[in-house]
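What follows is a short report on a single structure.
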Amino acid sequence: MTAPTKTHGLSNRQLAPAFSAIDLGTNNCRLLVAVPQKAGFRVIDAFSQIVRLGEGLTRSGELAEAAMDRTIGALNLCADKIAARQVLSMRNIATEACRAAANGETFLKRIAEETGLQFDIVTAEEEASLSVRGCTDLIDPAAKAVLVFDIGGGSTELSWLRIHPNGTGNPDFETVAWVSLPMGVVSVAESHIEVELTAEQYDTLAGRVMSLLQAVDVPDDIKAAFAAGEAHLIGTSGTVTSMAGVHLRLDTYSRRAVDGLWMGADEARRVAELLRRMDIEDRALSPCIGRERADLVVGGCAILEGILRAWPTDRIRVGDRGLREGLLLDLIAKWRNANSVA
């Protein structure tokens, strides 16, 4: 598809090309299609489906045939949406499941053959960077430090940011440390024989996360900011968005209500304990959990508890966003630079 004529603004929506991004994770397949706007982008189409690509991966070391078939089905729907929107440029990434699986690269070749979609397996470092890129407008400009975390299906990425005020609502920042923990909601669920985590197992998992995070080399000024109450967390995963929906007692999940919500650490812990005490059927009936997350969300809560133990803070900002938004911002920035678009 040829590049559009150069413009000096985007007031005429017909002149704005469409861009797309797919995040293929251990648990979810997510697509966003968007057009640029002066302040970021406007979403014109989206798709999200739980495919559990990493199902059984911790035991076998390979992606299972049924999981790959489910994923191909979802990606064919994504390909149809991309074609219908006449997307100018796209980037599709695969994360921990394809990184860890012995047949991950082979599966991506199958995806290309059956759907026409090309995928990159991103490193854990780039995954952490994209998570940050997608949620920078959630940073409190008064904060001195922020810890961004993404509790995924197969891994959890965390990035520590040093904040530099610049007199605007969008402060400058630098990533001073990052880590990828080898645990996510799917891998945690598959590491336990029982469907439900006992209180002891929950505490043990949280303690393991805390120990791993305490071993990360983080600059002293970031530690001081957290100790002084001048820092906060930003969570971009399905775990925290689900917890936020339960906290708000939503009858139907609403991105508008959840994205950007400030949730106190004590409030998050109350929700986590509520979910831990519920049985799987009760969680399945919750409109913000559902059957597909009912067996996974408590493990995510335990990971969040470990983060809070290692890096105590009173505030968590919830972001219903993540890798796709980071990918789109990068694609649009490159297009703007190449076409001199303001």
Side-chain angles (χ1 to χ4, degrees), residues 26-28 50 52 54-59 96 147 149-158 179-216 226 232-250 253 258 261-316 318:
T26 302
N27 196 43
N28 278 305
I50 292 178
R52 297 208 179 195
E55 188 173 55
L57 176 61
T58 54
R59 292 187 291 269
E96 179 61 21
L147 173 54
F149 66 91
D150 181 357
I151 302 171
S155 63
T156 296
E157 278 65 47
L158 304 99
V179 70
S180 179
L181 302 184
M183 60 185 73
V185 295
V186 174
S187 55
V188 165
E190 292 190 348
S191 66
H192 294 85
I193 297 174
E194 307 90 347
V195 173
E196 304 287 1
L197 285 175
T198 65
E200 182 179 1
Q201 289 170 330
Y202 186 95
D203 184 67
T204 298
L205 176 57
R208 181 184 172 202
V209 172
M210 179 182 68
S211 297
L212 290 170
L213 293 182
Q214 288 175 333
V216 180
F226 272 85
H232 69 88
L233 304 182
I234 295 177
T236 67
S237 68
T239 292
V240 290
T241 56
S242 296
M243 292 175 70
V246 173
H247 166 65
L248 293 173
R249 300 181 181 179
L250 298 178
Y253 181 82
V258 166
L261 175 74
W262 285 102
M263 188 164 53
D266 56 342
E267 294 170 330
R269 282 179 161 130
R270 280 197 293 270
V271 172
E273 181 62 11
L274 171 66
L275 293 172
R276 191 191 68 78
R277 289 179 177 274
M278 294 168 71
D279 63 32
I280 191 168
E281 289 303 319
D282 287 338
R283 289 196 298 272
L285 293 173
S286 170
C288 295
I289 306 297
R291 189 159 300 278
E292 292 179 318
R293 292 186 184 274
D295 61 334
L296 304 178
V297 68
V298 175
C301 291
I303 293 172
L304 174 55
E305 172 62 26
I307 295 170
L308 286 169
R309 290 183 188 181
W311 291 89
T313 180
D314 293 334
R315 300 184 300 159
I316 304 168
V318 180

| task | Take V318 and T241 through the test side-chain contact (heavy atoms from CB on, under 4.5 Å) and record every step on the way to the result. | result | CA-CA 6 Å; V318 180; T241 56; 4.0 Å; yes
| message | As a quick check of understanding, evaluate salt bridge (charged side-chain N to carboxylate O under 4.0 Å, His left out) for R276 and E273, giving each step before the final call. | response | CA-CA 5 Å; R276 191 191 68 78; E273 181 62 11; 3.1 Å; yes
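- Looking at T239, its side chain never comes within 3.5 Å of a backbone N or O of G300 through a donor-acceptor pair.
- Atom CG of D314 has 12 or fewer heavy atoms from other residues, nucleotides or ligands within 6.0 Å.
- Within the 3.5 Å criterion, the main-chain N or O of I289 finds no donor-acceptor partner in the side chain of R283.
- Across M243 and C301, no two heavy atoms sit closer than the pair SD-SG, 3.7 Å.
- To the nearest 0.5 Å, the span separating CG on L275 from CG on L197 amounts to 12.0 Å.
- For the pair L147/T313, no side-chain contact is recorded, criterion being any heavy-atom separation below 4.5 Å from C-beta on.
- Side-chain atoms of E190 come within 3.5 Å of backbone N or O of G56 as a donor-acceptor pair.
- A distance-only check finds a donor-acceptor pair linking the side chain of S242 to the backbone of G238 [under 3.5 Å].
- Summarising the geometry of A265 relative to I316, their closest heavy-atom pair is CA-CD1, 4.4 Å, with the distance given to 0.1 Å.
- Remark: the backbone N or O of V186 is not paired with any side-chain donor or acceptor of R52 at under 3.5 angstrom.
- Among residues two or more places apart in sequence or in another chain, the side-chain hydrogen bond (donor to acceptor under 3.5 Å, both in side chains) test is passed with E281 by R291.
- At distances below 3.5 Å, not a single donor-acceptor pair connects side-chain atoms of E305 with backbone N or O atoms of D203.
- Taking every heavy atom of both residues into account, S187 and P182 meet most closely at OG-O, 4.5 Å.
- Side-chain N or O atoms of T156 include none that pairs as donor or acceptor with a backbone N or O of G184 at under 3.5 Å.
- F226 places a side-chain heavy atom less than 4.5 Å from the side chain of L233.
- In this structure, the separation between OG1 on T236 and CD on E157 is 9.0 Å, given to the nearest 0.5 Å.
- Between T26 and L57 the shortest side-chain heavy-atom distance does not fall below 4.5 Å.
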